[in-house]
Structure formats: C-alpha cells, structure tokens
Amino acid sequence: RDAVLGDFRPDLQLYLDVTPEIGLQRARARGELDRIEQESLRFFERTRERYLALAAEDERILTVDATQPLDSVTQAIKTTLTRWLDRQA
C-alpha cells in the first residue's frame with residue numbers, strides 16, 4: 001500500500017463486511033466463480049479477519065454490516081456517511 005500511496009491516506013474508508021459463506025453464496029448466484037472466488041473458505045476467513053483487524057486499528061475505516069439485504073446495506077451506508085459528515089462539521 002505504501003509503495004503506491006506513499007503517505008496519502010483517505011479521510012474515510014468504508015469496509016463492507018460480509019461472512020465468507022454469504023459472500024460466496026452471492027458470488028455463486030451471479031454465475032461462474034472467478035479465480036479468487038474459487039479459493040478455499042479458510043482463505044476468505046483469514047482475509048476477513050485481517051480486514052476486521054485493520055478496521056479496528058484505524059478510526060478512518062468504518063465497518064458496515066453487508067450481510068443484510070441490499071436495501072438495508074444501502075441505508076446503513078447512508079447512515080454511516082451522514083454520521084461521519086456530521087462529526088466533520
């Protein structure tokens with residue numbers, strides 16, 4: 001990350017968190033799995049753990065529960081952004 005971005009960091013990052021099981025279920029519903037989506041479940045569990053750890057370490061990363069239906073995720077993103085913008089004012 002530092003090799004590309006240097007010391008640049010965005011003010012806000014949203015991490016849309018979904019369990020590997022739900023994520024893979026959604027990917028399968030879209031059709032054929034790509035190379036990454038064919039990785040083992042353990043790969044996705046480790047990846048999710050790392051993203052959650054990064055989010056816990058950095059106040060600029062806000063986590064949104066993306067296991068919900070799309071309209072609920074959309075509303076959660078709007079709520080998260082509104083709260084963050086209100087704190088910036």
Side-chain angles (χ1 to χ4, degrees):
R1 169 175 84 175
D2 289 338
V4 175
L5 298 176
D7 63 356
F8 172 79
R9 297 288 182 264
D11 294 332
L12 172 67
Q13 298 176 64
L14 294 179
Y15 168 55
L16 304 181
D17 180 44
V18 66
T19 64
E21 296 83 6
I22 291 175
L24 289 170
Q25 179 183 19
R26 290 176 180 175
R28 284 186 194 99
R30 288 193 311 263
E32 190 173 330
L33 299 179
D34 67 23
R35 183 182 61 80
I36 297 291
E37 293 166 341
Q38 293 177 28
E39 289 285 343
S40 71
L41 185 60
R42 184 64 194 131
F43 167 82
F44 292 106
E45 291 167 344
R46 286 191 318 265
T47 302
R48 179 178 184 229
E49 288 169 10
R50 181 64 183 137
Y51 276 107
L52 288 170
L54 289 170
E57 296 168 4
D58 190 337
E59 64 185 18
R60 295 170 297 188
I61 302 173
L62 301 180
T63 302
V64 173
D65 177 3
T67 61
Q68 309 169 80
L70 181 58
D71 58 335
S72 298
V73 174
T74 301
Q75 186 56 49
I77 291 169
K78 289 178 182 178
T79 300
T80 300
L81 287 173
T82 299
R83 288 179 182 157
W84 183 81
L85 288 168
D86 287 346
R87 287 194 313 257
Q88 304 311 303

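The residues of the chain are indexed from 1 along the displayed sequence. Everything numeric here is computed off the predicted structure, so don't read it as measured data.
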### Query
Transitively linked via ILVMFWY side-chain contacts under 4.5 Å: L24 with L52?
no
### Query
Under the salt bridge (charged side-chain N to carboxylate O under 4.0 Å, His left out) test, which residues partner E21, sequence neighbours left out?
none
### Query
Any link between W84 and I61 through a network of hydrophobic side chains (Ile, Leu, Val, Met, Phe, Trp, Tyr) touching at under 4.5 Å?
no
### Side-chain donor/acceptor of Q38 to backbone N/O of L33, under 3.5 Å
yes
### Message
Could you work out, with salt bridge (charged side-chain N to carboxylate O under 4.0 Å, His left out) as the rule, every residue matching D17, not counting sequence neighbours?
### Response
R48
#### Entry: Nearest heavy atoms of G23 and V18, plus distance in Å
N-CG2, 3.9 Å
### Task
Sort out for me which residue in T80, T74, V73 forms a side chain to side chain contact (heavy atoms under 4.5 Å, CB included) with I77.
V73
### Message
Membership question, hydrophobic clusters at under 4.5 Å side-chain separation (ILVMFWY): are I36 and L41 in the same one?
### Response
yes
### Query
Taking atom CD of E32 as the centre, does the number of heavy atoms from other residues, nucleotides or ligands within less than 6.0 Å exceed 12?
no
### Query
If you draw a 6.0 Å radius around CD in E59, do more than 12 non-hydrogen atoms from other residues or ligands fall strictly inside?
no
## Note on the structure
d(T47 OG1, E39 CD) to nearest 0.5 Å is 8.5 Å
### Message
Under 4.5 Å between side-chain heavy atoms, counting indirect links through other Ile/Leu/Val/Met/Phe/Trp/Tyr residues: same cluster for L85 and L12 or not?
### Response
yes
### Message
Under the rule for ring-ring contact (aromatic ring centres under 6.0 Å, His included), what residues qualify as partners of F43, not counting sequence neighbours?
### Response
none
### Task
Mind checking the CG-CZ spacing from D11 to R9? Nearest 0.5 Å is all I need.
12.5 Å
### Query
With the threshold set at 4.0 Å, does a side-chain nitrogen-carboxylate oxygen contact exist between R46 and E49?
no
### Query
Should R26 and E37 count as an ion pair when the cut-off is N to O under 4.0 Å?
no
### Query
What pairs with R28 under salt bridge (charged side-chain N to carboxylate O under 4.0 Å, His left out), at least two apart in sequence or on another chain?
none
### Task
Write out all pairs satisfying ring-ring contact (aromatic ring centres under 6.0 Å, His included) with one or both partners inside residues 60-79, taking only residues at least two apart or from two chains.
none
### Query
Applying ring-ring contact (aromatic ring centres under 6.0 Å, His included), which residue pairs with at least one partner in residues 44-76 are found, sequence neighbours left out?
Y15-Y51
### Main-chain N/O of D65 paired to Q68 side chain as donor or acceptor, under 3.5 Å
yes
#### Entry: Transitive ILVMFWY side-chain link L54 to L62, under 4.5 Å
no
### Task
Give a yes or no on whether R42 atom CZ has more than 12 heavy-atom contacts from other residues, nucleotides or ligands under 6.0 Å away.
yes
### Query
Quick one: OG1 on T82 to CD on Q75, what's the gap to the nearest 0.5 Å?
8.0 Å
